[in-house]
Amino acid sequence: MLGLLLILFLAPFHVLTLPSSFSFPADQLVLQSVGNPAIETEAAAAPSPIQLIYQFKDIVALENLAVRSNGHLVLTASNQPNVYDMNPNARNAPPKPLPRIPGVTSLTGIVETAPDVFAVVAGNWSATFQGTPGSFSIWSVDFNPSQPTVKRIASIPEADALNGITSLKGSPDIVLFADSALGAVRWLNVTSGEYNVTIQSPLFTNTSQIPIGINGIRTYDGHLYYLNSAQMTYGRVPLNVDGRGVAGEVQILARTHLPAIFDDFDMDWEGNAWVATHSNMLGQITVEGKQRNMTGSGNTELVEPTSVQFGRGSKQLEKTIYMTAAGNGKVGGQVLAINSCLM
Ligand SMILES: *[C@@H]1O[C@H](CO)[C@@H](O)[C@H](O)[C@H]1NC(C)=O
Ligand SMILES: *[C@@H]1O[C@H](CO)[C@@H](O)[C@H](O)[C@H]1NC(C)=O
Ligand SMILES: *[C@@H]1O[C@H](CO)[C@@H](O)[C@H](O)[C@H]1NC(C)=O
Ligand SMILES: *[C@@H]1O[C@H](CO)[C@@H](O)[C@H](O)[C@H]1NC(C)=O
Ligand SMILES: *[C@@H]1O[C@H](CO)[C@@H](O)[C@H](O)[C@H]1NC(C)=O
(Lines give C-alpha, C1' and ligand atoms only; values in the text may rest on other atoms or scores of the structure.)
(Ligands and ions follow the chains in the order given, each with its own letter.)
Protein backbone atom coordinates (compact mmCIF):
# COMPACT_ATOMS: atom_id res chain seq x y z
CA MET A 1 0.00 0.00 0.00
CA LEU A 2 1.55 3.22 -1.09
CA GLY A 3 -0.21 3.62 -4.37
CA LEU A 4 -0.72 7.31 -4.89
CA LEU A 5 1.32 8.36 -1.91
CA LEU A 6 4.06 9.96 -3.90
CA ILE A 7 1.67 12.54 -5.28
CA LEU A 8 1.26 13.78 -1.75
CA PHE A 9 4.69 13.29 -0.30
CA LEU A 10 7.16 13.36 -3.11
CA ALA A 11 5.55 15.49 -5.78
CA PRO A 12 8.87 16.88 -7.08
CA PHE A 13 10.02 13.37 -8.00
CA HIS A 14 6.77 12.41 -9.56
CA VAL A 15 6.30 11.90 -13.27
CA LEU A 16 2.79 12.93 -14.12
CA THR A 17 2.56 12.02 -17.76
CA LEU A 18 3.14 8.89 -19.77
CA PRO A 19 5.05 9.91 -22.89
CA SER A 20 4.15 7.81 -25.90
CA SER A 21 7.79 7.14 -26.65
CA PHE A 22 10.05 7.20 -23.65
CA SER A 23 13.73 6.40 -23.45
CA PHE A 24 16.19 6.41 -20.62
CA PRO A 25 19.66 7.93 -20.78
CA ALA A 26 22.21 5.40 -22.01
CA ASP A 27 24.14 5.51 -18.72
CA GLN A 28 21.11 4.16 -16.88
CA LEU A 29 20.71 1.03 -18.96
CA VAL A 30 19.91 -2.23 -17.26
CA LEU A 31 22.71 -3.22 -14.92
CA GLN A 32 22.40 -6.95 -15.35
CA SER A 33 22.17 -7.17 -19.11
CA VAL A 34 23.65 -10.27 -20.64
CA GLY A 35 25.33 -10.43 -24.02
CA ASN A 36 26.59 -7.65 -26.22
CA PRO A 37 25.64 -4.20 -24.92
CA ALA A 38 25.68 -2.85 -28.47
CA ILE A 39 22.73 -5.11 -29.24
CA GLU A 40 20.93 -4.02 -26.07
CA THR A 41 20.87 -0.41 -27.21
CA GLU A 42 19.14 -1.28 -30.47
CA ALA A 43 15.89 -0.97 -28.60
CA ALA A 44 13.56 -1.29 -31.58
CA ALA A 45 14.80 -4.78 -32.48
CA ALA A 46 15.43 -6.29 -29.03
CA PRO A 47 12.39 -7.28 -26.96
CA SER A 48 12.12 -5.07 -23.89
CA PRO A 49 12.19 -7.16 -20.71
CA ILE A 50 9.32 -5.04 -19.34
CA GLN A 51 6.02 -5.25 -21.21
CA LEU A 52 2.89 -3.32 -20.35
CA ILE A 53 0.12 -5.90 -20.62
CA TYR A 54 -2.80 -3.83 -19.40
CA GLN A 55 -3.46 -0.27 -18.33
CA PHE A 56 -6.77 0.79 -16.80
CA LYS A 57 -8.37 3.79 -18.46
CA ASP A 58 -9.82 4.89 -15.13
CA ILE A 59 -7.97 5.70 -11.93
CA VAL A 60 -7.71 2.19 -10.55
CA ALA A 61 -4.83 2.35 -8.09
CA LEU A 62 -3.59 -1.22 -8.43
CA GLU A 63 -2.05 -2.29 -5.18
CA ASN A 64 -1.20 -5.97 -5.16
CA LEU A 65 -1.60 -9.28 -6.97
CA ALA A 66 -1.55 -13.05 -6.72
CA VAL A 67 -1.25 -15.64 -9.49
CA ARG A 68 -3.86 -18.38 -9.88
CA SER A 69 -2.97 -21.96 -10.85
CA ASN A 70 -4.51 -21.30 -14.29
CA GLY A 71 -2.07 -18.43 -14.80
CA HIS A 72 -4.65 -15.66 -14.28
CA LEU A 73 -3.78 -12.72 -12.05
CA VAL A 74 -5.94 -11.62 -9.13
CA LEU A 75 -5.51 -7.88 -8.67
CA THR A 76 -6.34 -5.62 -5.74
CA ALA A 77 -6.62 -1.83 -5.80
CA SER A 78 -6.38 0.67 -2.95
CA ASN A 79 -9.39 2.60 -4.25
CA GLN A 80 -11.72 -0.31 -5.09
CA PRO A 81 -13.59 -2.76 -2.82
CA ASN A 82 -13.40 -5.66 -5.31
CA VAL A 83 -10.62 -7.83 -6.72
CA TYR A 84 -10.16 -8.29 -10.48
CA ASP A 85 -9.50 -11.53 -12.32
CA MET A 86 -7.23 -11.04 -15.32
CA ASN A 87 -5.94 -13.36 -18.02
CA PRO A 88 -2.48 -11.92 -18.76
CA ASN A 89 -2.42 -13.64 -22.15
CA ALA A 90 -5.60 -12.01 -23.42
CA ARG A 91 -4.04 -8.74 -24.49
CA ASN A 92 -6.24 -5.74 -23.78
CA ALA A 93 -9.12 -7.80 -22.42
CA PRO A 94 -10.38 -5.80 -19.43
CA PRO A 95 -9.82 -7.48 -16.04
CA LYS A 96 -13.08 -8.87 -14.70
CA PRO A 97 -14.34 -7.31 -11.43
CA LEU A 98 -15.50 -9.79 -8.79
CA PRO A 99 -18.21 -9.11 -6.19
CA ARG A 100 -17.47 -6.22 -3.87
CA ILE A 101 -16.31 -6.71 -0.33
CA PRO A 102 -18.95 -4.79 1.62
CA GLY A 103 -18.28 -1.83 3.93
CA VAL A 104 -14.72 -0.99 2.82
CA THR A 105 -13.04 1.29 0.31
CA SER A 106 -9.66 -0.43 -0.21
CA LEU A 107 -8.04 -3.79 -0.74
CA THR A 108 -4.35 -4.31 -0.12
CA GLY A 109 -2.46 -7.63 0.28
CA ILE A 110 -3.56 -10.92 -1.27
CA VAL A 111 -2.25 -14.49 -0.94
CA GLU A 112 -3.47 -17.97 -1.94
CA THR A 113 -4.41 -20.13 1.06
CA ALA A 114 -5.92 -23.22 -0.65
CA PRO A 115 -6.20 -24.15 -4.34
CA ASP A 116 -7.84 -21.11 -5.99
CA VAL A 117 -8.83 -19.58 -2.63
CA PHE A 118 -7.23 -16.27 -1.67
CA ALA A 119 -7.05 -14.27 1.54
CA VAL A 120 -7.45 -10.54 0.89
CA VAL A 121 -6.86 -7.61 3.25
CA ALA A 122 -9.75 -5.12 3.29
CA GLY A 123 -10.25 -1.77 5.04
CA ASN A 124 -10.49 1.99 4.67
CA TRP A 125 -7.67 4.38 3.90
CA SER A 126 -7.86 8.17 4.04
CA ALA A 127 -6.82 10.45 1.20
CA THR A 128 -3.53 11.02 3.02
CA PHE A 129 -2.87 7.26 3.16
CA GLN A 130 -3.61 6.67 6.77
CA GLY A 131 -5.55 3.57 7.62
CA THR A 132 -8.82 4.00 9.46
CA PRO A 133 -8.32 2.20 12.79
CA GLY A 134 -11.03 -0.39 13.33
CA SER A 135 -11.98 -0.70 9.64
CA PHE A 136 -9.81 -3.72 8.79
CA SER A 137 -10.72 -7.34 8.08
CA ILE A 138 -9.44 -10.34 6.14
CA TRP A 139 -11.69 -11.93 3.53
CA SER A 140 -11.50 -15.01 1.38
CA VAL A 141 -12.12 -14.95 -2.35
CA ASP A 142 -12.95 -18.42 -3.64
CA PHE A 143 -12.72 -19.11 -7.39
CA ASN A 144 -13.85 -22.75 -7.07
CA PRO A 145 -17.63 -22.18 -7.32
CA SER A 146 -18.87 -21.35 -10.84
CA GLN A 147 -19.52 -17.82 -9.54
CA PRO A 148 -16.59 -16.79 -7.30
CA THR A 149 -17.60 -15.96 -3.74
CA VAL A 150 -16.31 -13.55 -1.08
CA LYS A 151 -16.58 -14.30 2.63
CA ARG A 152 -15.24 -12.64 5.77
CA ILE A 153 -12.62 -14.70 7.61
CA ALA A 154 -12.06 -12.31 10.52
CA SER A 155 -12.42 -8.68 11.54
CA ILE A 156 -9.25 -7.29 13.10
CA PRO A 157 -10.58 -4.37 15.17
CA GLU A 158 -7.19 -3.75 16.85
CA ALA A 159 -5.54 -3.01 13.51
CA ASP A 160 -4.72 0.51 12.34
CA ALA A 161 -3.46 0.02 8.79
CA LEU A 162 -3.35 -3.50 7.36
CA ASN A 163 -1.25 -3.95 4.26
CA GLY A 164 0.87 -6.91 3.02
CA ILE A 165 -0.07 -10.55 3.66
CA THR A 166 1.81 -13.79 3.13
CA SER A 167 1.54 -17.53 3.67
CA LEU A 168 3.70 -19.84 5.74
CA LYS A 169 5.26 -22.95 4.21
CA GLY A 170 4.01 -26.11 5.90
CA SER A 171 1.11 -24.33 7.67
CA PRO A 172 -1.62 -23.89 5.07
CA ASP A 173 -4.04 -22.58 7.74
CA ILE A 174 -1.81 -19.69 8.73
CA VAL A 175 -1.28 -16.32 7.06
CA LEU A 176 0.83 -13.45 8.38
CA PHE A 177 -0.15 -9.83 7.73
CA ALA A 178 1.47 -6.47 8.36
CA ASP A 179 0.12 -3.41 10.21
CA SER A 180 1.86 -0.40 8.65
CA ALA A 181 1.02 2.02 11.45
CA LEU A 182 1.28 -0.10 14.61
CA GLY A 183 4.45 -1.79 13.34
CA ALA A 184 3.07 -5.26 13.88
CA VAL A 185 2.85 -8.57 12.08
CA ARG A 186 -0.07 -10.74 13.13
CA TRP A 187 -0.90 -14.35 12.36
CA LEU A 188 -4.37 -15.56 11.40
CA ASN A 189 -5.72 -19.09 11.19
CA VAL A 190 -7.90 -18.80 8.06
CA THR A 191 -9.91 -21.88 9.10
CA SER A 192 -10.79 -20.84 12.65
CA GLY A 193 -10.51 -17.04 12.32
CA GLU A 194 -8.24 -16.98 15.38
CA TYR A 195 -5.47 -14.38 15.27
CA ASN A 196 -2.87 -12.65 17.44
CA VAL A 197 0.39 -10.74 17.24
CA THR A 198 3.49 -12.54 15.93
CA ILE A 199 5.81 -9.58 16.47
CA GLN A 200 5.56 -5.84 17.05
CA SER A 201 8.77 -3.87 16.56
CA PRO A 202 9.93 -0.24 16.35
CA LEU A 203 11.72 -1.36 13.16
CA PHE A 204 8.30 -1.93 11.59
CA THR A 205 6.63 1.40 12.41
CA ASN A 206 5.92 4.39 10.18
CA THR A 207 7.34 7.90 10.51
CA SER A 208 5.78 11.34 10.62
CA GLN A 209 6.89 11.90 6.99
CA ILE A 210 5.55 8.66 5.53
CA PRO A 211 2.52 7.06 7.21
CA ILE A 212 3.30 3.56 5.92
CA GLY A 213 5.89 1.52 7.79
CA ILE A 214 6.06 -2.24 7.25
CA ASN A 215 4.51 -2.91 3.86
CA GLY A 216 5.32 -6.02 1.76
CA ILE A 217 6.12 -9.27 3.63
CA ARG A 218 7.19 -12.74 2.46
CA THR A 219 8.34 -15.90 4.19
CA TYR A 220 11.44 -17.69 2.91
CA ASP A 221 13.68 -20.28 4.51
CA GLY A 222 12.20 -19.94 8.01
CA HIS A 223 12.33 -16.15 8.04
CA LEU A 224 9.85 -13.35 7.61
CA TYR A 225 11.30 -10.82 5.15
CA TYR A 226 9.83 -7.33 5.07
CA LEU A 227 10.08 -3.90 3.50
CA ASN A 228 9.48 -0.78 5.56
CA SER A 229 8.48 2.12 3.28
CA ALA A 230 8.88 4.89 5.88
CA GLN A 231 12.16 3.69 7.40
CA MET A 232 13.41 2.72 3.90
CA THR A 233 14.67 -0.63 5.09
CA TYR A 234 14.62 -4.27 4.00
CA GLY A 235 15.14 -6.91 6.64
CA ARG A 236 14.15 -10.20 8.14
CA VAL A 237 13.37 -11.98 11.38
CA PRO A 238 13.48 -15.74 12.07
CA LEU A 239 10.03 -17.20 12.72
CA ASN A 240 8.83 -19.91 15.06
CA VAL A 241 7.76 -23.01 13.17
CA ASP A 242 4.08 -22.12 13.56
CA GLY A 243 4.53 -18.41 12.71
CA ARG A 244 2.98 -17.32 16.00
CA GLY A 245 6.17 -15.84 17.34
CA VAL A 246 9.73 -15.06 16.38
CA ALA A 247 12.92 -16.96 17.09
CA GLY A 248 15.41 -14.09 17.06
CA GLU A 249 16.02 -10.41 16.42
CA VAL A 250 14.98 -8.30 13.47
CA GLN A 251 17.96 -7.83 11.16
CA ILE A 252 18.19 -4.97 8.64
CA LEU A 253 19.71 -6.22 5.38
CA ALA A 254 19.52 -3.12 3.15
CA ARG A 255 18.58 0.54 3.25
CA THR A 256 17.49 2.86 0.51
CA HIS A 257 17.14 6.64 0.34
CA LEU A 258 14.94 9.12 -1.47
CA PRO A 259 13.69 9.22 -4.15
CA ALA A 260 13.38 5.42 -4.03
CA ILE A 261 10.65 4.14 -1.69
CA PHE A 262 10.09 0.40 -1.22
CA ASP A 263 6.57 -1.02 -1.49
CA ASP A 264 6.04 -4.78 -1.95
CA PHE A 265 8.20 -7.58 -3.35
CA ASP A 266 8.58 -11.23 -4.23
CA MET A 267 11.50 -13.61 -3.63
CA ASP A 268 13.08 -15.59 -6.44
CA TRP A 269 14.33 -19.17 -6.15
CA GLU A 270 17.69 -17.99 -4.82
CA GLY A 271 16.26 -15.66 -2.17
CA ASN A 272 16.80 -12.38 -4.00
CA ALA A 273 14.00 -9.86 -3.48
CA TRP A 274 12.46 -8.19 -6.54
CA VAL A 275 11.06 -4.93 -5.30
CA ALA A 276 8.32 -2.65 -6.59
CA THR A 277 9.85 0.73 -5.82
CA HIS A 278 8.27 4.19 -6.09
CA SER A 279 8.17 6.14 -8.19
CA ASN A 280 9.27 4.21 -11.26
CA MET A 281 11.65 1.39 -10.44
CA LEU A 282 11.94 -2.36 -10.41
CA GLY A 283 14.68 -3.01 -7.87
CA GLN A 284 16.48 -6.12 -6.78
CA ILE A 285 18.04 -6.76 -3.38
CA THR A 286 20.37 -9.73 -3.50
CA VAL A 287 20.84 -12.29 -0.77
CA GLU A 288 23.96 -10.30 0.24
CA GLY A 289 21.91 -7.09 0.53
CA LYS A 290 23.29 -5.53 -2.65
CA GLN A 291 20.76 -3.30 -4.44
CA ARG A 292 20.31 -3.08 -8.18
CA ASN A 293 18.10 -1.01 -10.40
CA MET A 294 16.61 -3.52 -12.85
CA THR A 295 14.26 -1.10 -14.59
CA GLY A 296 16.32 -1.03 -17.75
CA SER A 297 15.50 0.79 -20.93
CA GLY A 298 12.34 0.27 -22.84
CA ASN A 299 9.22 1.98 -24.02
CA THR A 300 7.21 1.30 -20.91
CA GLU A 301 7.33 3.82 -18.14
CA LEU A 302 6.49 2.39 -14.73
CA VAL A 303 4.13 4.70 -12.87
CA GLU A 304 4.23 4.02 -9.12
CA PRO A 305 5.00 0.26 -8.96
CA THR A 306 3.24 -1.34 -6.01
CA SER A 307 3.90 -5.08 -6.04
CA VAL A 308 5.62 -7.98 -7.74
CA GLN A 309 4.78 -11.68 -8.08
CA PHE A 310 6.49 -14.49 -10.00
CA GLY A 311 4.27 -16.40 -12.45
CA ARG A 312 3.46 -20.10 -12.23
CA GLY A 313 2.53 -22.96 -14.52
CA SER A 314 5.70 -23.46 -16.58
CA LYS A 315 9.47 -22.97 -16.35
CA GLN A 316 9.11 -19.81 -18.45
CA LEU A 317 6.29 -18.41 -16.31
CA GLU A 318 8.21 -19.12 -13.11
CA LYS A 319 10.82 -16.67 -14.42
CA THR A 320 8.22 -14.11 -15.44
CA ILE A 321 7.66 -11.30 -12.99
CA TYR A 322 4.22 -9.73 -12.93
CA MET A 323 4.07 -6.25 -11.52
CA THR A 324 1.25 -3.94 -10.53
CA ALA A 325 1.62 -0.18 -10.62
CA ALA A 326 -0.89 2.23 -9.15
CA GLY A 327 -0.62 4.88 -11.84
CA ASN A 328 -1.35 8.41 -10.71
CA GLY A 329 -3.96 11.12 -11.16
CA LYS A 330 -3.56 10.87 -14.94
CA VAL A 331 -2.37 7.35 -15.70
CA GLY A 332 -4.53 4.37 -14.77
CA GLY A 333 -3.23 1.33 -12.91
CA GLN A 334 -0.76 -0.81 -14.88
CA VAL A 335 -0.07 -4.53 -15.10
CA LEU A 336 3.37 -5.39 -16.43
CA ALA A 337 5.12 -8.62 -17.34
CA ILE A 338 8.88 -8.80 -17.03
CA ASN A 339 11.03 -11.51 -18.52
CA SER A 340 13.66 -11.91 -15.83
CA CYS A 341 15.73 -14.11 -18.19
CA LEU A 342 16.47 -10.99 -20.26
CA MET A 343 17.96 -9.29 -17.19
C1 LIG B 1 16.31 3.21 -12.17
O2 LIG B 1 16.52 3.12 -13.57
C3 LIG B 1 15.56 3.82 -14.34
C4 LIG B 1 15.83 3.46 -15.81
O5 LIG B 1 17.16 3.65 -16.14
C6 LIG B 1 15.65 5.29 -14.05
O7 LIG B 1 14.66 5.99 -14.77
C8 LIG B 1 15.40 5.51 -12.55
O9 LIG B 1 15.58 6.86 -12.24
C10 LIG B 1 16.36 4.68 -11.74
N11 LIG B 1 15.95 4.82 -10.35
C12 LIG B 1 16.80 5.05 -9.36
C13 LIG B 1 16.20 5.25 -8.01
O14 LIG B 1 17.99 5.10 -9.54
C1 LIG C 1 -15.39 2.41 5.64
O2 LIG C 1 -15.88 3.03 4.47
C3 LIG C 1 -17.24 2.66 4.17
C4 LIG C 1 -17.56 3.23 2.80
O5 LIG C 1 -17.33 4.62 2.78
C6 LIG C 1 -18.14 3.15 5.27
O7 LIG C 1 -19.46 2.76 5.02
C8 LIG C 1 -17.67 2.54 6.59
O9 LIG C 1 -18.43 3.06 7.66
C10 LIG C 1 -16.19 2.84 6.84
N11 LIG C 1 -15.76 2.08 8.02
C12 LIG C 1 -15.19 2.66 9.07
C13 LIG C 1 -14.85 1.76 10.22
O14 LIG C 1 -14.94 3.85 9.12
C1 LIG D 1 -6.58 -23.74 12.58
O2 LIG D 1 -7.88 -23.92 13.04
C3 LIG D 1 -8.42 -25.19 12.73
C4 LIG D 1 -9.89 -25.17 13.14
O5 LIG D 1 -10.02 -24.81 14.48
C6 LIG D 1 -7.62 -26.26 13.45
O7 LIG D 1 -8.13 -27.53 13.14
C8 LIG D 1 -6.18 -26.16 13.00
O9 LIG D 1 -5.38 -27.06 13.73
C10 LIG D 1 -5.65 -24.75 13.22
N11 LIG D 1 -4.33 -24.66 12.60
C12 LIG D 1 -3.23 -24.40 13.29
C13 LIG D 1 -1.95 -24.36 12.51
O14 LIG D 1 -3.27 -24.19 14.49
C1 LIG E 1 -2.65 -12.93 22.31
O2 LIG E 1 -1.34 -13.05 22.84
C3 LIG E 1 -1.20 -12.41 24.10
C4 LIG E 1 0.26 -12.41 24.47
O5 LIG E 1 0.82 -13.68 24.30
C6 LIG E 1 -2.07 -13.14 25.11
O7 LIG E 1 -1.97 -12.53 26.38
C8 LIG E 1 -3.53 -13.07 24.65
O9 LIG E 1 -4.32 -13.83 25.49
C10 LIG E 1 -3.65 -13.61 23.23
N11 LIG E 1 -5.00 -13.36 22.76
C12 LIG E 1 -5.77 -14.33 22.28
C13 LIG E 1 -7.14 -13.93 21.83
O14 LIG E 1 -5.39 -15.47 22.14
C1 LIG F 1 2.04 6.58 11.88
O2 LIG F 1 0.84 6.84 11.17
C3 LIG F 1 -0.26 7.14 12.01
C4 LIG F 1 -1.47 7.27 11.11
O5 LIG F 1 -1.78 6.06 10.50
C6 LIG F 1 0.02 8.39 12.78
O7 LIG F 1 -1.06 8.67 13.65
C8 LIG F 1 1.29 8.23 13.60
O9 LIG F 1 1.62 9.42 14.23
C10 LIG F 1 2.44 7.80 12.67
N11 LIG F 1 3.61 7.46 13.49
C12 LIG F 1 4.68 8.25 13.59
C13 LIG F 1 5.82 7.71 14.40
O14 LIG F 1 4.75 9.32 13.03
Discussion item. Just so I know, are the side chains of V175 and T113 near enough to count as touching, which here means a heavy-atom distance under 4.5 Å?
Written reply: yes

Item to complete: Determine whether V275 and I217 fall in the same hydrophobic cluster, where Ile, Leu, Val, Met, Phe, Trp and Tyr are linked whenever their side-chain heavy atoms lie under 4.5 Å apart.
Response: no

Discussion item. With salt bridge (Lys or Arg N to Asp or Glu O under 4.0 Å) as the test, pick out the partner of D266 among R312, K319, R218.
Written reply: R218

Practice prompt. Please answer whether the main-chain N or O of S137 pairs with a side-chain N or O of S155 as donor and acceptor at a distance below 3.5 Å.
Written response: no

Discussion item. When you compare the side chain of N189 with that of I174, does any pair of heavy atoms fall below 4.5 Å?
Written reply: yes

Practice prompt. Check for a donor-acceptor pair, side chain of N64 on one end and backbone N or O of S307 on the other, with a separation under 3.5 Å.
Written response: no

Discussion item. Can you tell me how far apart CG (L302) and CE (M323) are? Round to the nearest 0.5 Å.
Written reply: 5.5 Å

Worksheet entry | Heavy-atom closest pair, residues T320 and A337 | CG2-CB, 4.3 Å

Item to complete: Could you tell me whether a side-chain N or O of T324 sits under 3.5 Å from a main-chain N or O of L75, the two making a donor and an acceptor?
Response: no

Worksheet item: Counting only N and O atoms by type, is there a donor-acceptor contact under 3.5 Å from the side chain of T198 to the main-chain atoms of V246?
Response: no

Fill in: Contact check, side chains of Y84 and V60, non-hydrogen atoms, under 4.5 Å
yes

Worksheet item: Can we say D142 and K151 salt-bridge, meaning some charged N sits less than 4.0 Å from an Asp/Glu carboxylate O?
Response: no

Fill in: Side chain proximity check, M232 to R255, heavy atoms < 4.5 angstrom
no

Response to the item:
One should read off an interatomic distance between I214 CD1 and F177 CZ, to the nearest 0.5 angstrom, of 12.0 Å

Worksheet item: Do L239 and Y225 sit in the same hydrophobic cluster, where Ile, Leu, Val, Met, Phe, Trp and Tyr count as joined when their side-chain heavy atoms come under 4.5 Å apart?
Response: no

Worksheet entry | Polar side-chain atom of N163 near backbone of N215 as donor-acceptor pair, under 3.5 Å | no

Discussion item. Run the ring-ring contact (aromatic ring centres under 6.0 Å, His included) test against Y54 and tell me which residues pass, sequence neighbours left out.
Written reply: F56

Worksheet item: Hey, mind stepping through R186 and D179 against side chain to side chain contact (heavy atoms under 4.5 Å, CB included) and telling me if it holds?
Response: CA-CA 8 Å; R186 296 185 181 84; D179 190 322; 3.2 Å; yes

Worksheet, complete the sentence: In short, S106 meets S78 closest at the heavy-atom pair OG-O, 2.8 Å

Worksheet item: So if you build clusters from Ile, Leu, Val, Met, Phe, Trp, Tyr with side-chain heavy-atom gaps below 4.5 Å, do W187 and V111 land together?
Response: no

Worksheet item: How long is the span from the CD1 atom in I199 to the CG atom in L224, to the nearest 0.5 Å?
Response: 8.0 Å

Item to complete: Could you tell me whether the side chain of V74 reaches within less than 4.5 Å of the side chain of F143, counting heavy atoms only?
Response: yes

Worksheet entry | D268 vs Q284 side-chain heavy atoms within contact, under 4.5 Å | yes

Worksheet, complete the sentence: Sequence neighbours excluded, the answer for ring-ring contact (aromatic ring centres under 6.0 Å, His included) partners of F136 is W125

Discussion item. S171: which residues meet the side chain to side chain donor-acceptor pair (under 3.5 Å) condition with it, sequence neighbours left out?
Written reply: none

Item to complete: Assess whether side chain to side chain contact (heavy atoms under 4.5 Å, CB included) is satisfied between E158 and Y195, documenting all intermediate values.
Response: CA-CA 11 Å; E158 303 87 346; Y195 64 90; 2.8 Å; yes

Worksheet item: Can any side-chain N or O of E112 pair as donor or acceptor with the backbone N or O of R68 at less than 3.5 Å?
Response: no

Worksheet item: Checking Q200 side chain against L182 main chain: does a donor-acceptor pair fall under 3.5 Å?
Response: yes

Worksheet item: Just by distance, with hydrogens left out, do S314 and Q316 show a side-chain donor and acceptor under 3.5 Å apart?
Response: no

Worksheet item: Does any donor atom in the side chain of N144 or D116 lie under 3.5 Å from an acceptor atom in the other side chain?
Response: no

Worksheet item: If you measure from CE on M294 to CE on M281, what distance do you get to the nearest 0.5 Å?
Response: 10.5 Å

Worksheet entry | Sole candidate of T256, I210, I212 that passes side chain to side chain contact (heavy atoms under 4.5 Å, CB included) when paired with I261 | I210

Worksheet item: Would you say N240's side chain and R244's backbone share a donor-acceptor pair under 3.5 angstrom?
Response: no

Item to complete: Report yes or no: do L65 and L317 belong to one cluster of Ile/Leu/Val/Met/Phe/Trp/Tyr joined by side chain heavy-atom distances under 4.5 Å?
Response: yes

Worksheet item: Checking E301 side chain against N280 main chain: does a donor-acceptor pair fall under 3.5 Å?
Response: no

Discussion item. My understanding is that only one of Y234, F310, Y226, Y220 makes a ring-ring contact (aromatic ring centres under 6.0 Å, His included) with F265; could you say which?
Written reply: Y234

Discussion item. Test your reading of the model: is there a side-chain donor-acceptor pair from H72 to the backbone of P88, 3.5 Å cut-off?
Written reply: no

Discussion item. Using the rule given for side chain to side chain contact (heavy atoms under 4.5 Å, CB included), can you reason through I252 versus L203, listing the C-alpha separation, both sets of side-chain angles and the distance that settles it, and then say yes or no?
Written reply: CA-CA 9 Å; I252 294 172; L203 296 175; 4.1 Å; yes

Worksheet item: In Å, rounded to the nearest 0.5 Å, how long is the span from CG of L253 to NZ of K290?
Response: 15.5 Å

Fill in: Steps toward side chain to side chain contact (heavy atoms under 4.5 Å, CB included) verdict (I285, F262)
CA-CA 11 Å; I285 308 174; F262 296 143; 3.9 Å; yes

Discussion item. I need the minimum non-hydrogen distance between L52 and T300, along with the two atoms involved.
Written reply: N-OG1, 3.7 Å

Discussion item. Nearest 0.5 Å, please: how far is CG in N89 from CG in N70?
Written reply: 10.0 Å

Practice prompt. Identify the heavy atoms of P97 and N82 that sit nearest to each other, and give their distance.
Written response: CB-ND2, 3.5 Å

Worksheet item: Do you reckon L168 sits in the same ILVMFWY cluster as I165, going by side-chain contacts under 4.5 Å, direct or chained?
Response: no

Worksheet item: Is the shortest heavy-atom distance from the side chain of Q309 to the side chain of D264 under 4.5 Å?
Response: no

Worksheet item: So which heavy atom on G193 is nearest to which on A154, and how close?
Response: O-CB, 3.7 Å

Fill in: Q334 and V303, any side-chain heavy atoms less than 4.5 Å apart
yes

Worksheet entry | Nearest atoms (heavy-atom pairs only) where N272 meets T286 | OD1-CA, 3.3 Å

